[in-house]
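Below: the structure, in structure tokens.
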Amino acid sequence: MKAGGGEAMRRGLRRLAALALGGLLVLLLADALFWRIATEKLAAGFDAWMAGAAAEGLNVRAGSITRTGFPGAARLDVQNLALAPLSDAEGVRLSLPRLIVELRPEAPRTLHLRPEGALVLSVLGTSLFLEAGSAELTHLLAPEAPFVFTAERLALRSASAAPASLSLRHLAITVVPQPGDPPSLSLNGEGEGLRLPPAWQGEGGQSLTVHGEAALVPRPALDLADPQSSLEDFRAAHGHVAFHLRFTPEAESGGALALEGSFRLDARLLPEGEGTLHLTDPDAVIEGLVRAGVLDETAGRTLHALAALLVRRPPAGPPVLDLPLSARGGVLSVSGIPLFPLAP
């Protein structure tokens, strides 16, 4: 009995092992099939994007493109990606050491893009260096689906070896194409741990949380080879940008600032319109703007005097001040006081 029972147990274990091995092989075959189909789709899509970019007057180059990720995901590993206008025009130029393009079995219709290394972006002759500890752009492959960008430890520099002009501990931006007549774009962003240049922060320094919402109507065309014409087309379609932007300190230091308004482009493609500037603890905010060089001392004294006349002092909390903001003739003004030009 015991011998027969042991043999039956061994046969059962062998059958169980065979079933487990068969299941594993089925999973591997399914993963291999997914990987092959998905990498073919990614490669074809990348080739189509490069061809479409060339048709739009752009030159896209890559040092190498490798299919990787098996098992678990389908990836294109794109090395030394570079994008520039085919002509000598000062369009958008971009270079990136590495880009990972990925589809995953659990969500095969969601595209993941992960840039790695310092991205160099040049727009109309001005170059910026952008680097992140980690970053990812995701997009569901469906019409009008949102684009979601997240990044950790983001730093923006004006030169490769320069100190960070701006840095962020965390950034999340959602861009949603909106159908309609005309179609538009809506943007929503949240940044934590924003650090401004040292002149703005003062001796102690401070981190800020920034929240922004914007709507672009109509949806602007994006011509990377000729961004100037994109702006002109946006203006010709009577486009406008409505936005709300708020900065708040993460530590107990002085002031907070919020902006909201709606602006169009004038004949020189500069913003033109009206909005509201809301200051919490306005004296601290004005002093920070003067320290940063955004305001000269004369404008700072004028705004301090204006704040003393118009400030509201609630029963609890710091004083607050609401001021009309306007952009006219290439100059940004607050309460009719010119602050700084909007163009060099």
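Take H244 and apply the side chain to side chain donor-acceptor pair (under 3.5 Å) test, not counting sequence neighbours, and it matches E260. L270 pairs by the side-chain contact (heavy atoms from CB on, under 4.5 Å) definition with D266, R268, A343, not counting sequence neighbours. Legend: residues meeting side-chain contact (heavy atoms from CB on, under 4.5 Å) with L128, ordered by chain and number and at least two apart, are L156. R264 meets the salt bridge (Lys or Arg N to Asp or Glu O under 4.0 Å) test with no other residue; sequence neighbours excluded. Evaluation of the side chain to side chain donor-acceptor pair (under 3.5 Å) rule for D77 yields Q79, R98 as partners, not counting sequence neighbours. Legend: residues meeting salt bridge (Lys or Arg N to Asp or Glu O under 4.0 Å) with E102, ordered by chain and number and at least two apart, are R75, R104, R114. For S335, the side-chain contact (heavy atoms from CB on, under 4.5 Å) partners two or more places apart in sequence, or in a different chain, are L306, L323, P324. For the side chain to side chain donor-acceptor pair (under 3.5 Å) test, no residue two or more places apart in sequence or in another chain qualifies with R61. Under the rule for a side-chain contact (heavy atoms from CB on, under 4.5 Å), the partners of A327 that lie at least two apart in sequence or sit in another chain are F263, L332, L342. With sequence neighbours excluded, the residues that form a side chain to side chain donor-acceptor pair (under 3.5 Å) with H278 are D322. In this view, R246 satisfies the salt bridge (Lys or Arg N to Asp or Glu O under 4.0 Å) rule with no residue, not counting sequence neighbours.
Taking 4.5 Å as the limit, some side-chain heavy atom of L76 sits within range of a side-chain heavy atom of R67. At a threshold of 4.5 Å between non-hydrogen side-chain atoms, the residues P282 and P319 count as touching. Within the 4.5 Å cutoff, the side chain of L245 has heavy atoms near those of the V210 side chain. A heavy-atom distance below 4.5 Å is not found between the side chains of S262 and E274. Under the 4.5 Å side-chain criterion, counting only non-hydrogen atoms from C-beta, H211 is not in contact with T248. A 4.5 Å side-chain heavy-atom check between S95 and V120 finds at least one atom pair inside the cut-off. Contact check for I337 versus L303: side-chain heavy atoms found under the 4.5 Å cut-off. No side-chain heavy atom of V175 sits under 4.5 Å from any side-chain heavy atom of F149.
H112 contributes no side-chain N or O that, together with a main-chain N or O of L103, makes up a donor-acceptor pair within less than 3.5 Å.
Residue L113 is grouped with residue L42 when hydrophobic side chains (ILVMFWY) are merged at heavy-atom distances under 4.5 angstrom, including chains of intermediate members. In the hydrophobic clustering of ILVMFWY residues, with side-chain heavy atoms under 4.5 Å counting as a link, L81 and I100 come out apart. In this structure, L310 is a member of the same hydrophobic cluster as V334, with clusters built from ILVMFWY side-chain heavy atoms closer than 4.5 Å. No continuous path of ILVMFWY side-chain contacts below 4.5 Å connects L185 to V217, so the two sit in separate hydrophobic clusters. M50 is connected to L94 through a chain of hydrophobic side-chain contacts under 4.5 Å among Ile, Leu, Val, Met, Phe, Trp and Tyr, so both are in one cluster.
Between N188 atom CG and I173 atom CD1 the span is 9.5 Å, to the nearest 0.5 Å. Residue T276 holds its OG1 atom at 9.5 Å from CG of L259, rounded to the nearest 0.5 Å. Separating the CG atom in L309 from the NE2 atom in H304 is a distance of 13.5 Å, to the nearest 0.5 Å. For the atom pair OG (S184) and CZ (R219), the distance works out to 7.0 Å, reported to the nearest 0.5 Å. Atom OG1 of T280 is separated from atom CG of L321 by 9.5 Å, given to the nearest 0.5 angstrom. Here the CG atom belonging to L121 is positioned 8.0 Å from the CG atom belonging to L130, to the nearest 0.5 angstrom.
Within a 6.0 Å radius of CD in E232, more than 12 heavy atoms belonging to other residues, nucleotides or ligands are found. Annotation: E297, atom CD; neighbour count of heavy atoms from other residues, nucleotides and ligands within 6.0 Å does not exceed 12.
Scanning both residues, V78 and A62, for their nearest heavy atoms gives CG1-CB, 3.7 Å. Taking both residues in full, the closest heavy atoms of E116 and P97 are given as O-CD, 3.7 Å, listed atom of the first, atom of the second, then distance. In this structure, F234 and P220 approach most closely via the heavy-atom pair CD1-CB, 3.8 Å. A pairwise comparison of heavy atoms in P177 and P146 identifies CD-CA, 4.3 Å as the closest pair. Of all heavy-atom pairs between R153 and S134, the closest is NH2-N, 4.2 Å. Closest of all the heavy-atom pairs between G239 and P218 is CA-CD, 3.4 Å.
Judged as a ring-ring contact (aromatic ring centres under 6.0 Å, His included), the pairs with a partner in residues 36-68 (not counting sequence neighbours) are, in order, F46-W49.
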Before you tell me yes or no, could you show the steps for K41 and L141 under side-chain contact (heavy atoms from CB on, under 4.5 Å), namely the whole-Å CA-CA distance, both residues' side-chain angles and the distance that decides it to 0.1 Å? CA-CA 12 Å; K41 182 178 179 180; L141 299 173; 4.3 Å; yes

Checking L257 against L277 for the side-chain contact (heavy atoms from CB on, under 4.5 Å) test, could you report, in this order, the C-alpha distance in whole Å, the side-chain angles of both residues, the deciding distance, and whether it holds? CA-CA 7 Å; L257 181 150; L277 178 66; 3.9 Å; yes

Report the C-alpha separation of L269 and R235 in whole Å, then their side-chain angles, then the decisive distance to 0.1 Å, and conclude whether the side-chain contact (heavy atoms from CB on, under 4.5 Å) test is met. CA-CA 7 Å; L269 303 179; R235 176 180 179 273; 3.9 Å; yes

Can you check side-chain contact (heavy atoms from CB on, under 4.5 Å) on V320 and L279, steps first, answer last? CA-CA 6 Å; V320 295; L279 306 178; over 6 Å; no

